Colleague: 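This is the structure, below, for whatever I ask next.
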Amino acid sequence: MKNRETFRRLFLLSALTACLMLLAAPAFAVEAGYVGSDKCTECHGDLAKAFSTNIHAKAGAYGFKDAGCESCHGPAGAHVGSGDTAGIINPSKIDYEAASETCLKCHSKGKGQMFWHGSIHESQKIACVICHKIHGGNEKLLAKKTEVELCVSCHTDVRADMFKRSKHPMRDSSSPTGEGKMTCSSCHNAHGSRGEKLIDAKSFNDKCYECHTEKKAPMLWEHSPVKEDCLTCHNAHGSSNDKMLVTKAPRLCQQCHMQGRHQTGALGTDSTYTFNRSCLNCHTQIHGSNNPSGAVLQR
Ligand code: HEC
Ligand code: HEC
Ligand code: HEC
Ligand code: HEC
Ligand code: HEC
Ligand code: HEC
Ligand code: HEC
Ligand code: HEC
Ligand code: HEC
Ligand code: HEC
C-alpha cells in the first residue's frame, strides 16, 4: 500500500516536471538540434535586430507556430557549437529544389503559389530566393528595388518594349514620364498560373477586360476578331506603332480583308484608303458599334 502511494507520487512529480520543461523550452527545442532564435543574437546581432521588423518575425499572428531563424536555416545545434557553416542551411547556396522547399513548407497553401509546381520559372530552376531576399529585401522581400526592375533584369526584350512609342505604363513612377501605374504582376503571376504565359486569368481577353471593361460589353455590330483575341491586333507590352498595334493599317486589316472593293492589296500611298489613318479614317468603331447603322463600323 505504502509503496504504491510513493510510486504514484513519484510518477506525478516526474510527469509534472516533464510538462514544465516542455512549457519552458521554445517550441523547436523539443526536436533534436534546434536551439531557438535567441541564441543567434549572440553572434548575428545586427541581422537579428533587423529581422524583428520582417513579416516573418510576425508569422505567429498568421497561425504559424514559429517562423524563427531555424524555420528556414534548419536546426542550428551543430553550427552554434562549432561556429562552422557546414552545419547550417543557407537557402541561397543550396540546390534550387531544396531551397524552394524551405519556403513551400509554409507557402504552398495560399492562392499565390498554388501553381508553382510545373510553372515555367520552376522548370527553369529559378528558386524563390532568386527573386526574393529575406534579409534586406524590399517590401515584398524582392531582390531588386522594384518589381519591374527585377523582371526585366532577365526579360530584356520586355524592357525594350517599355520604351517604345506606345506602351502600358509600367516604367518606374520616378521616370520622366511619371508612369508606374501598373507592374508586371498586374497581368502575370510569376509563381505560375492556370492559363498560358503566366497570365492569371482564364484567357488573355479576360485579363484585358479587367481594366478595359468597356471592350467586354456585347455590341450591336461586333467585329468578330475583337472578342476572340485582343492580341491579334495589339502587343501586350508595347509597340512602335500607335495604340500598341502589332502593325499599321492598312496592313493590319489586310491580313484578313483581302477580297472586296476597296480593301485590297496594292493601294497607292495617296489613296483615300491608305492616307493618314487609312482604313480607320472611315471605320472608326474598330472594336464594334452600337449604332443602328454601324454595320461597317463607321459610326
Ligand atoms: C557562436 C557564434 C554563432 C552563433 C551563436 C550562430 N552563428 Fe551563424 N555564423 C557564425 C559564423 C562565424 C558564421 C560565418 C561568418 C558569417 O557568415 O557571418 C555564421 C554563418 C551563418 C550563416 C551563413 C552560412 C552560409 O553558409 O552562408 C547562417 C545562415 C547562420 N550563421 C545562421 C545562424 C542561425 C540561424 C543561428 C541561430 C540559431 C546562428 N547562426 C547562430 C557564428 C554563429
Ligand atoms: C523566411 C526564411 C528565413 C528566416 C526566418 C531567416 N532567414 Fe536568414 N536567410 C534566409 C535566406 C533565403 C538567406 C540567403 C540570403 C537572403 O535571401 O537574404 C539567408 C541568409 C542568412 C545569413 C547569411 C548572411 C547573409 O546575409 O547572406 C545569416 C547569417 C542568416 N540568414 C541568419 C538568420 C538569422 C539569425 C535569422 C533569425 C533572426 C534568420 N536568418 C531568419 C532566410 C531566412
Ligand atoms: C514558418 C513558415 C514560413 C516559412 C518557412 C517561410 N515563410 Fe514567408 N511568410 C510566412 C508568413 C506567415 C507570412 C505572412 C503572411 C503571408 O503573406 O502569407 C509570410 C510572408 C512572406 C512574403 C510576403 C511579404 C509581404 O510583405 O507581403 C514573402 C515574399 C515570403 N513570405 C517569402 C518567403 C520565402 C522566399 C521563403 C523561403 C526562403 C519563406 N517565405 C519562408 C511564413 C513562412
Ligand atoms: C520570378 C520571380 C519570383 C519567383 C521565382 C518567386 N516569386 Fe514570390 N513574388 C514575386 C513578385 C514579383 C511578388 C509580388 C507580387 C505582387 O505584388 O502581387 C511576389 C510575392 C510573393 C508573396 C506575397 C504575395 C503572395 O502571392 O502571397 C509570397 C508569399 C511569395 N512571393 C512567395 C514565393 C515563394 C514561396 C516562391 C518559391 C516557391 C516565390 N515566391 C518565387 C516574384 C517571384
Ligand atoms: C532570373 C531570371 C528571371 C527573372 C528574374 C524572371 N524571369 Fe521570367 N522567365 C525566365 C526564364 C529563363 C523563362 C523561360 C524562357 C523564356 O521564355 O524567356 C521565363 C519565362 C517567363 C514568362 C513566359 C512564360 C511562358 O509560358 O512562356 C513570363 C510571362 C515571365 N517569365 C514573367 C516574369 C515576370 C513577371 C517576372 C518578374 C516578377 C520574371 N519573369 C522574372 C527568367 C526569369
Ligand atoms: C497588360 C498585361 C501585361 C503586363 C502589364 C505585362 N505583360 Fe507580359 N505578357 C502579357 C500577355 C498577354 C502575354 C502573352 C503575349 C503573347 O503570347 O504574345 C505576355 C507575355 C510575356 C512573356 C512571354 C513572351 C513571349 O514572347 O513568349 C514574358 C517574358 C513577359 N510577358 C514578361 C513580362 C514582364 C517582365 C512584364 C513587366 C515588365 C510584363 N510581362 C508585363 C501581358 C502583360
Ligand atoms: C491592370 C490594368 C490593365 C490591364 C490588365 C490591361 N491594360 Fe491596357 N491599359 C491600361 C492603362 C492604365 C493604359 C494607359 C491608359 C492611358 O494612358 O490613358 C492602357 C492602355 C492600353 C492601350 C492603348 C495604348 C496607347 O498607346 O494609347 C491598349 C491598346 C491596351 N491598353 C490594350 C490592352 C490589352 C490588349 C490588354 C490585355 C492583354 C490590356 N490592355 C490589359 C491598363 C490595363
Ligand atoms: C481587329 C484589330 C483589333 C482587335 C482584335 C482589338 N483592337 Fe484595340 N484597337 C485596334 C485599333 C486599330 C485601334 C486604334 C483605333 C484608333 O486609333 O482609332 C485600337 C485601340 C485600342 C485602345 C485605345 C483606344 C480605345 O479604344 O480605348 C484600347 C484600350 C484597345 N484597343 C483595347 C483592345 C482590347 C482590350 C481588345 C480585346 C478585347 C482589342 N483592343 C482588340 C484594333 C483592334
Ligand atoms: C483577324 C482578322 C481580322 C482583322 C485583322 C481585321 N478584321 Fe475586320 N473583320 C474580320 C471578320 C472575320 C469580320 C466579319 C466579316 C464577315 O462576316 O465577313 C470582319 C468585319 C469587318 C467589317 C464589317 C463589315 C462586314 O462585312 O461585316 C469591317 C468594316 C472591318 N472588318 C474592318 C476592319 C478594319 C478596318 C481592320 C483593321 C483595323 C480589320 N477589319 C481587321 C476579321 C478581321
Ligand atoms: C473613305 C472611307 C473608307 C475607307 C478609307 C475604307 N473604307 Fe471600308 N467601307 C467604307 C464604306 C462606306 C463601306 C460600305 C459601303 C461599301 O461596301 O463600299 C465599307 C465597307 C467595308 C467592308 C465591308 C465589306 C465590303 O466590301 O463591303 C470592309 C471589310 C471594309 N470596308 C474594309 C476596309 C479596309 C480594310 C480598309 C482599309 C484598306 C477600308 N475599308 C477603308 C468606307 C471606307
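Basis for what follows: all heavy atoms, side chains included, without hydrogens, waters or symmetry-related copies. A quick note: this is a predicted structure, and the numbers were derived from the prediction, not measured. Each ligand, and each atom within it, is numbered from 1 in the order the structure gives.
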Colleague: Below 4.0 angstrom from a heavy atom of Met162, which ligand 6 atoms are there? Numbered from 1 as shown, please.
Modeller: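 Under 4.0 Å from Met162, ligand 6 has these atoms: 38 (C).
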Colleague: Please report the interatomic distance CZ(Phe204) to NZ(Lys197), rounded to the nearest 0.5 Å.
Modeller: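 With rounding to 0.5 Å, CZ (Phe204) is 7.0 Å from NZ (Lys197).
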Colleague: Could you tell me, atom by atom, which parts of ligand 10 come under 4.0 Å of a heavy atom of Cys253?
Modeller: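 In order of numbering, the contacting atoms are 35 (C).
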Colleague: Given a cutoff of under 4.5 Å between side-chain heavy atoms of I, L, V, M, F, W and Y, with clusters grown through shared members, what are the other residues clustered with Phe115?
Modeller: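 Members alongside Phe115: Met114.
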Colleague: Strictly under 2.8 Å, is any N, O or S atom of His283 next to atom 8 (Fe) of ligand 10?
Modeller: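 Yes, since at least one N, O or S atom of His283 sits under 2.8 Å from atom 8 (Fe) of ligand 10.
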Colleague: In terms of side-chain heavy atoms, does Asn90 have a donor or acceptor partner in Ser92 at a distance below 3.5 Å?
Modeller: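 Note: Asn90 and Ser92 side chains meet the donor-acceptor criterion.
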Colleague: Write none if no such pair exists; otherwise list each N/O atom of ligand 5 with its protein N/O partner under 3.5 Å and the distance.
Modeller:
unit_1: ligand 5; atom_1: 7 (N); unit_2: His121; atom_2: NE2; d: 2.9
unit_1: ligand 5; atom_1: 7 (N); unit_2: His155; atom_2: NE2; d: 2.9
unit_1: ligand 5; atom_1: 9 (N); unit_2: His121; atom_2: NE2; d: 2.9
unit_1: ligand 5; atom_1: 9 (N); unit_2: His155; atom_2: NE2; d: 2.9
unit_1: ligand 5; atom_1: 31 (N); unit_2: His121; atom_2: NE2; d: 2.9
unit_1: ligand 5; atom_1: 31 (N); unit_2: His155; atom_2: NE2; d: 2.8
unit_1: ligand 5; atom_1: 40 (N); unit_2: His121; atom_2: NE2; d: 2.9
unit_1: ligand 5; atom_1: 40 (N); unit_2: His155; atom_2: NE2; d: 2.8

Colleague: Parallel, tilted or perpendicular: which one describes the rings of His135 and Phe51, with boundaries at 30° and 60°?
Modeller: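 Tilted, since the angle between the ring planes falls between 30° and 60°.
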Colleague: Just how far is it from atom CD1 of Ile89 to atom OG1 of Thr102, taken to the nearest 0.5 Å?
Modeller: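 It is 7.5 Å, given to the nearest 0.5 Å.
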Colleague: Which of the atoms in ligand 6, numbered in the order shown and given with their element, are less than 4.0 Å from a heavy-atom of Met182?
Modeller: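 The list of qualifying atoms is 1 (C), 5 (C).
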Colleague: Evaluate the ring planes of His191 and His132, with Trp represented by its six-membered ring, and classify them as parallel (under 30°), tilted (30 to 60°) or perpendicular (over 60°).
Modeller: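 Rings of His191 and His132: parallel, under 30°.
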Colleague: Enumerate the atoms of ligand 6 whose separation from the nearest heavy atom of Leu231 is less than 4.0 angstrom.
Modeller: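 Listed by number with element: 12 (C), 15 (C).
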Colleague: Find out if a path of hydrophobic residues (ILVMFWY) with successive side-chain heavy-atom gaps under 4.5 Å connects Leu47 to Ile134.
Modeller: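 Unlinked, Leu47 and Ile134 end up in two clusters.
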Colleague: Would you tell me whether Gln298 and Thr284 have side-chain atoms, one donor and one acceptor, within less than 3.5 Å of each other?
Modeller: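 Their side chains do not contain a donor-acceptor pair, so the 3.5 Å distance test is not met.
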Colleague: Where on Arg159 is there a heavy atom closer than 4.0 Å to ligand 6, on the side chain, on the backbone, on both, or on neither?
Modeller: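 Arg159 to ligand 6: no contact under 4.0 Å from either part.
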Colleague: Can you list the ligand 10 atoms lying under 4.0 Å from a non-hydrogen atom of Cys279?
Modeller: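 The list of qualifying atoms is 34 (C), 35 (C), 36 (C), 37 (C), 38 (C), 39 (C), 41 (C).
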